[in-house]
Amino acid sequence: MVKLVVVGFWVCLVTLGAVFFSVQMATAPVADIGDKAKKDPGQLVRGEPITVPLIADGAIKGYFLGRVSFMMNKDKIKGVVLPMTEIMTDEMFTLLVGNKMVDITSMSSFDLTAFRETIKTDLNKRLGEGFVEEVVVEQLDYLSKEDIRASGEGTKKPMAPPVKIVEGVTLEDPAHSGN
């Protein structure tokens, strides 16, 4: 009988020790993993899909279909209402029509990094330094006017697939991801 009580007491002590150790490890502070990982990820501001016409020789040749989103500094945009759709649309028109950053005849020359940096730099000049932390290109395609017209008229010619300029990524808003 005494052995049974001693064994029961020993099992209780071991169980309590394991629970105490588990709780201590679960609430222990995380080791320093560097400044980059500690940095607040910012707030995702989703861009709207936009269509930008490609104008050459005084006529519309085709359309760029794009969607660009932004990682913005949470502290700077707190309480500020920004017309991001209009600002982003203006910036896309400037880059795709005004500066002609994308040359349809030579897609291999398109520099996605320079495209993102130009958008980021120009928007930070317009809004104030540090507003835009990162530019995320979700979609940038090109459809020719002939392909659009052929599909609208219902001709037998199958529409060519859009020219993928950038194979974008889809981001989840950290506020809605459940983290």
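Residue numbers count from 1 along this sequence.
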**OP:** Start with the C-alpha gap between F64 and T51, add the side-chain angles, then the distance that decides, and say whether side chain to side chain contact (heavy atoms under 4.5 Å, CB included) holds.
**Re:** CA-CA 6 Å; F64 289 104; T51 304; over 6 Å; no
Original post:
When rounded to the nearest 0.5 angstrom, what distance separates CD1 in I50 from CD in E86?
Top reply: 11.0 Å
**OP:** Check whether any side-chain heavy atom of L16 lies under 4.5 Å from a side-chain heavy atom of F20, and answer yes or no.
**Re:** no
Original post:
Rounded to the nearest 0.5 Å, what separation is found between the CG atom of L65 and the CG atom of D141?
Top reply: 6.0 Å
Original post:
Between the main-chain N or O of G47 and the side-chain N or O of S69, is there a donor-acceptor pair closer than 3.5 Å?
Top reply: yes
Original post:
Is a side-chain donor or acceptor of K120 paired with a backbone partner of E133 at a separation under 3.5 angstrom?
Top reply: yes
Subject >> Check: F131 main-chain N/O paired with N124 side-chain donor or acceptor under 3.5 Å >> reply: yes
Subject >> Trace of the side chain to side chain contact (heavy atoms under 4.5 Å, CB included) decision for E117 with V135 >> reply: CA-CA 8 Å; E117 278 303 311; V135 176; over 6 Å; no
Subject >> R116 side chain near V136 side chain, heavy-atom distance below 4.5 Å >> reply: no
Original post:
Can any side-chain N or O of R67 pair as donor or acceptor with the backbone N or O of L140 at less than 3.5 Å?
Top reply: no
Subject >> For the student: nearest non-hydrogen atoms of F70 and I119, plus distance >> reply: CE2-CG2, 3.9 Å
Subject >> Nearest atoms (heavy-atom pairs only) where G130 meets N73 >> reply: O-CB, 3.3 Å
Subject >> Side-chain (D57) to main-chain (A59) donor-acceptor, under 3.5 angstrom >> reply: no
Original post:
What residue among L123, V132, L44 forms side chain to side chain contact (heavy atoms under 4.5 Å, CB included) with M72?
Top reply: V132
Subject >> Distance, nearest 0.5 Å, that separates CH2 of W10 from OG1 of T15 >> reply: 10.5 Å
